[in-house]
Participant: 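Sending over a structure as structure tokens; questions will come in a sec.
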Amino acid sequence: MERPIPRPDHAPAQEPVLTPGPAPRGAMPSAFPLSFGPSPFIFPPCRLMSTDRKSLEERAQMTDLERLRHSCAHVMATAILRLWPNAQFAYGPPVENGFYYDFDLPDHRITPDDFEKIEAEMKKVAKENQKFERRVLTRDEARALAESGRLGGLAERPGHRSVFKLDLLDKIPEGEEISCYQNGDFIDLCAGPHVNYTSKCKNVKLMSVSSSYYLGDDTKPQLQRVYGTAFPTPEELAQHLHNLEEAKKRDHRRIGREMQLFAVDDKVGQGLILWLPQGAIIRQQLQDFISEELRKTGYSQVFTPHIGKLDLYRTSGHFPYYQESQFAAIPERDQLQKLADDHCSCAELSAGLASGEIDGYLLKPMNCPHHIRIFAQSPKSYRDLPVRLAEFGTVYRWEQSGELGGMTRVRAFTQDDAHLFCTPDQVGAEIIGCLKLVKTVLTTLGMNDYRVRVSLRDPDSSKYVGDPANWDKAEEALRQAAVWLGVPFTEEPGEAAFYGPKIDFVVKDVIGREWQLGTVQVDYNLPERFDLEYIGADNARHRPVMIHRAPFGSMERFTGVLIEHFAGHFPAWLAPEQVRVLPISEKSEAFATDVCTRLQLDGRRATLDATPDKIGAKIRTAQLDRVPYMLVIGEKEAAAGAVSVRHAKRGDLGVRPVTEFLNDLAAEVAERRL
RNA sequence: GCCAGCUUAGCUCAGGGGUAGAGCAACGGUUUUGUAAACCGUCGGUCGUCGGUUCAAAUCCGACAGCUGGCUCCA
């Protein structure tokens, strides 16, 4: 899992760049400049997880619900063993929405069709009301049980050692207490805690089956994993299942299709988002909003191309270190032809591209090298700093096909990117500036349900680039900025990348998965690699500090999260269609057309529903299309020069003069009211 | 990439070795309508693609593509 940490003094070309090697999985390596780390910025499909081993004390702090679910995992294992006695269990923790157990079962593949059978067996185990009994073991006793196949089994299983339990046993540090839990015939290596009797494990439902690698490591054996959920009462279980159904209705993929916001077309390619006209409106509004804020806060907007020379990314380090996360390099046409004439092999081509003997281009995985070269276009004085370069820059990442899906896990995405070049003394103020921007935008959108992670350096380590005094200042600035934000935050020492500390914003999607949105990262490394400098007040050359920031990560992911946040009911300023004018009959159609035209002239996105439907049907259609404002117009309104206003969420708002409605809506849009 | 499940009309889905089904949408007509569904009719699919088994394949088998979930929130 640990990757070598690229240091500026390492020669990139000496790395074994051509051996594909295991792709980084799960927690992405956090070691690269801006970065292919667990940042969105950065890497779309990264979900968050901690890799620290929990202490026994921490484990004992399980909530009651977690304890119940953990016990349910044991009950499920018991049931599965009754059906397939040869199952080898690995581990079965409680997780956020339930529990799972990983096991190897060579003679049978579990499918959802088996759930009924397993659940029935689980109900029997619950009915038998077995007691969960804890026993402390010596390492030798535990080992003997595992050797006989007894651990994670209903009986001794000659010839079937408890292989995973043996391995897990080895992972328990010397001096830590080793214990097992028994319910009925089932004995499992387990730190606990558990509920007292299996009768508590009645309200259970198996949810899904999947595969997983042992320890999440794709070089280890592949196991089957069954997910389940459990609650103290049947009512809570039913409520949970109901909530899941409701959540599915807000899934951005479903709403995106219903509202025709975006599409993924397999003729274009997996993980490549097509913004449909309706979705493009939303994105354009968001970008306009962000750009407006950037102008107010002293950013300069730039544009850069979608590719750059390979050498640029050799210098930045992206190409050598993250090759497996990028689209393949594009060789120069002339050189390619020459190589073809020489009957050069693909291996030679790869090696040539890696070593630099063959020139080429790369679809850009990040915007920073381009921005760095913009900074370097002219000599800089300390008076020029900070330089803030912003771009809605589209970047391309090679994700494994199984990782792709929706707008949150894609292969091409547009970052609301910016790079700030400043003096070490300016870092604190710049960080605060970034956070203010984030807060402005998130507040405007009513998104208050997020948390923040502050990644700090490990004080005992010497692996970091840059002056420790500057790190201290930057870390303190990040911490203060997090406090100032006023949302829950955690400080995570040792989680900083080698090149600088950072702050990440984390939100949950409707299915409860956590995603990183934005990030603000301090970088002492890239200025070094690109030999950036400015002339200080002392007339000497100094190295600037860079800050990477993408408050929303990517427009794709952010829009996906927004769709779910609003369940498709966007505020008027974002809504693809803001107003639908609904004449009651043809008698009032002329006036309705007039109103619609006035709305359009006023800059509103308005349409007229001239179908022969009755008003109830028109309202229903507009409602299902999630149009925020409906204007009902009959003969009364036409006579009075008025409209009857109905809001999709707030219902009937009464009859108002046309001009009043026009002005109010214009103000609502201009102020970006929710 | 790997494992599992899935792919039938624009959408949601039923069916299933022997002439392809429903609702909604779309289109045409009748209705001139007051805050979440008027009525009648019409159109629409080589059942993801390719190959195999069979007298016969949407159905069974295989490959491929795509979609969905998962791939240590540690005994």
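Convention: sequence-line order gives letters A, B, ...; per-chain numbering from 1.
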Participant: Indicate, with a heavy-atom threshold strictly under 4.0 Å, whether Y214(A) touches base, sugar-phosphate, or nothing.
Facilitator: nothing
Participant: Which value, in whole Å, describes the distance between the P atoms of nucleotides G21(B) and C43(B)?
Facilitator: 13 Å
Participant: Checking D114(A) against H108(A): is there a side-chain donor and acceptor pair closer than 3.5 Å?
Facilitator: yes
Participant: Give the rounded distance in Å between these two atoms: CE of M259(A) and P of G10(B).
Facilitator: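 Taking CE of M259(A) and P of G10(B), I get 22 Å after rounding.
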Participant: When you compare C27(B) with U33(B), how far apart are their P atoms, in angstrom units rounded to a whole number?
Facilitator: 23 Å
Participant: Is atom CD of Q260(A) surrounded by more than 12 heavy atoms (other residues, nucleotides or ligands) closer than 6.0 Å?
Facilitator: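 No - once you tally the heavy atoms of other residues, nucleotides and ligands closer than 6.0 Å, there are 12 at most.
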Participant: Closest to the R109(A) side chain: A4(B), C71(B), U72(B)?
Facilitator: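 For R109(A), the side-chain atoms sit closest to A4(B).
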Participant: Can a salt bridge be assigned to the pair K267(A) and D265(A) using a cut-off of 4.0 Å between side-chain N and carboxylate O?
Facilitator: no
Participant: Base, sugar-phosphate, or nothing for F164(A), non-hydrogen atoms under 4.0 angstrom?
Facilitator: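 Here F164(A) touches no strand at all.
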Participant: Report, one pair per line, the protein and nucleotides 65-67 of chain B atoms (nitrogen or oxygen only) whose separation is under 3.5 Å.
Facilitator:
{"residue": "G66(B)", "atom": "OP1", "partner": "Q270(A)", "partner atom": "OE1", "Å": "3.1"}
{"residue": "C67(B)", "atom": "OP2", "partner": "Q270(A)", "partner atom": "NE2", "Å": "2.7"}

Participant: Regarding D251(A) and R254(A), does a basic nitrogen lie under 4.0 Å from an acidic carboxylate oxygen?
Facilitator: no
Participant: Report which part of the nucleic acid R225(A) touches: base, sugar-phosphate, or nothing (heavy-atom distance under 4.0 Å, all strands).
Facilitator: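 Since only primed, P, OP1 and OP2 atoms lie under 4.0 Å of R225(A), the category is sugar-phosphate.
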Participant: Report the nucleotide, chosen from C73(B), A4(B), G70(B), that has the shortest atom-to-atom distance to any side-chain atom of E96(A).
Facilitator: C73(B)
Participant: Rounding to the closest angstrom, what is the interatomic distance between U42(B) and U8(B) at atom C1'?
Facilitator: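 Between the two C1' atoms, the distance is 22 Å.
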Participant: Side chains of E577(A) and T607(A): is there a donor and an acceptor less than 3.5 Å apart?
Facilitator: yes
Participant: Taking the basic N atoms (NZ, or NE/NH1/NH2) and the acidic carboxylate oxygens, is any pair closer than 4.0 Å for D613(A) and R620(A)?
Facilitator: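 Answer for the salt bridge query: no.
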Participant: Salt bridge (charged side-chain N to carboxylate O under 4.0 Å, His left out), that's the test. Do R143(A) and D170(A) meet it? Break it down for me.
Facilitator: CA-CA 9 Å; R143(A) 192 178 300 278; D170(A) 287 341; 3.4 Å; yes
Participant: Report the distance from atom CD of E399(A) to atom C1' of G70(B), rounded to the nearest whole Å.
Facilitator: 16 Å
Participant: On a whole-Å scale, what distance lies between the C1' atoms belonging to C6(B) and C47(B)?
Facilitator: 14 Å
Participant: When you measure from the side chain of A617(A), which nucleotide among G5(B), C71(B), A38(B) comes out closest?
Facilitator: A38(B)
Participant: Let me check I have this right: for RNA chain B, each base becomes ., (, ), [, ] or |, based on Watson-Crick or G-U pairs with both distances under 3.5 Å. What is the full string?
Facilitator: (((((((..((((....[..)))).(((((.......))))).....(((((..]....))))))))))))....
Participant: Using the ring of F505(A) (Phe, Tyr or Trp, six-membered ring only), decide whether R453(A) places NZ or CZ under 6.0 Å from its centre and within 45 degrees of its axis.
Facilitator: no
Participant: How many whole angstroms separate atom CD of Q400(A) from atom P of C3(B)?
Facilitator: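 Atom CD in Q400(A) sits about 13 Å away from atom P in C3(B).
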Participant: When only distance counts, do a donor and an acceptor, one from the side chain of S208(A) and one from the base of G70(B), lie under 3.5 Å apart?
Facilitator: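 It does not, because no donor-acceptor pair links the side chain of S208(A) to the base of G70(B) below 3.5 Å.
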Participant: Might you confirm whether atom CZ of R139(A) has over 12 heavy atoms from other residues, nucleotides or ligands at distances under 6.0 Å?
Facilitator: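 Count over threshold, so yes.
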Participant: Looking just at side-chain N and O atoms, do N183(A) and T78(A) make a donor-acceptor pair shorter than 3.5 Å?
Facilitator: yes
Participant: List, with names and distances, any nitrogen or oxygen atoms from the protein found under 3.5 Å away from nitrogen or oxygen atoms belonging to nucleotides 32-34 of chain B.
Facilitator:
{"residue": "U32(B)", "atom": "O2'", "partner": "K587(A)", "partner atom": "NZ", "Å": "3.3"}
{"residue": "U32(B)", "atom": "O2", "partner": "E586(A)", "partner atom": "N", "Å": "3.0"}
{"residue": "U32(B)", "atom": "O4", "partner": "E586(A)", "partner atom": "OE2", "Å": "2.9"}
{"residue": "U33(B)", "atom": "OP2", "partner": "K587(A)", "partner atom": "NZ", "Å": "3.0"}
{"residue": "U33(B)", "atom": "O4", "partner": "P612(A)", "partner atom": "O", "Å": "3.1"}
{"residue": "G34(B)", "atom": "O6", "partner": "E635(A)", "partner atom": "N", "Å": "3.3"}
{"residue": "G34(B)", "atom": "O6", "partner": "K636(A)", "partner atom": "N", "Å": "3.4"}
{"residue": "G34(B)", "atom": "N1", "partner": "E637(A)", "partner atom": "OE1", "Å": "2.9"}
{"residue": "G34(B)", "atom": "N1", "partner": "E637(A)", "partner atom": "OE2", "Å": "3.4"}
{"residue": "G34(B)", "atom": "N2", "partner": "E637(A)", "partner atom": "OE1", "Å": "3.4"}
{"residue": "G34(B)", "atom": "N2", "partner": "E637(A)", "partner atom": "OE2", "Å": "2.3"}

Participant: How close or far is atom C1' of G70(B) from atom CZ of F103(A), stated in whole angstroms?
Facilitator: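 Roughly 13 Å, once rounded to whole Å.
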Participant: Whole Å only: how far is the CE atom of M207(A) from the P atom of A4(B)?
Facilitator: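 Checked: the CE to P distance equals 21 Å.
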Participant: Would you mind telling me which of V627(A), D652(A), L582(A) makes a side-chain contact (heavy atoms from CB on, under 4.5 Å) with I619(A)?
Facilitator: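 Considering V627(A), D652(A), L582(A), a side-chain contact (heavy atoms from CB on, under 4.5 Å) with I619(A) is found only for L582(A).
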Participant: For a quick check of understanding: with a heavy-atom distance under 4.0 Å over all strands, which category does Q260(A) fall into, base, sugar-phosphate or nothing?
Facilitator: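 Counting heavy atoms under 4.0 Å across all strands, no contact is made by Q260(A).
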Participant: Quick one: is A38(B) close enough that its OP1 or OP2 comes under 4.0 Å of any side-chain N or O from R620(A)?
Facilitator: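 For A38(B), neither OP1 nor OP2 has a side-chain N or O of R620(A) closer than 4.0 Å.
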Participant: Could you give the distance separating A20(B) and G44(B) at their P atoms, to the nearest angstrom?
Facilitator: 14 Å
Participant: Can you tell which of A36(B), C11(B), C2(B) lies closest to the side chain of Q222(A)?
Facilitator: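 Looking only at side-chain atoms, Q222(A) lies closest to C2(B).
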Participant: Pick the closest RNA chain B nucleotide for C190(A) and for I110(A) by heavy atoms, then say which residue is nearer the 5' end.
Facilitator: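 Nearest nucleotide further toward 5': that of I110(A).
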Participant: To the nearest Å, give me how far apart CG (D102(A)) and C1' (C3(B)) are.
Facilitator: 12 Å
Participant: Rounding to an integer number of Å, can you tell me how far L276(A) CG sits from G10(B) C1'?
Facilitator: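 Rounded to the whole Å, the gap is 14 Å.
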Participant: Does R134(A) pair with E177(A) as a salt bridge, N-O distance under 4.0 Å?
Facilitator: yes
Participant: I'd like the P distance from C60(B) over to G18(B), given in whole Å.
Facilitator: 11 Å
Participant: Y101(A) side chain N/O closer than 4.0 Å to the phosphate oxygens (OP1, OP2) of U72(B)?
Facilitator: no
Participant: Verify whether one side chain among S212(A) and D102(A) offers a donor that lies under 3.5 Å from an acceptor in the other.
Facilitator: yes
Participant: Could you check how far NE2 of H569(A) sits from C1' of A36(B), rounded to whole Å?
Facilitator: 12 Å
Participant: Between A58(B) and A38(B), how many Å separate the two C1' atoms, rounded to a whole number?
Facilitator: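 These two C1' atoms come out 37 Å apart once rounded.
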Participant: I'd like the C1' distance from A14(B) over to G70(B), given in whole Å.
Facilitator: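 Each nucleotide's C1' atom is 29 Å from the other's.
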Participant: Is E147(A) salt-bridged to R161(A), cutoff N-O under 4.0 Å?
Facilitator: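 R161(A) and E147(A): salt-bridged.
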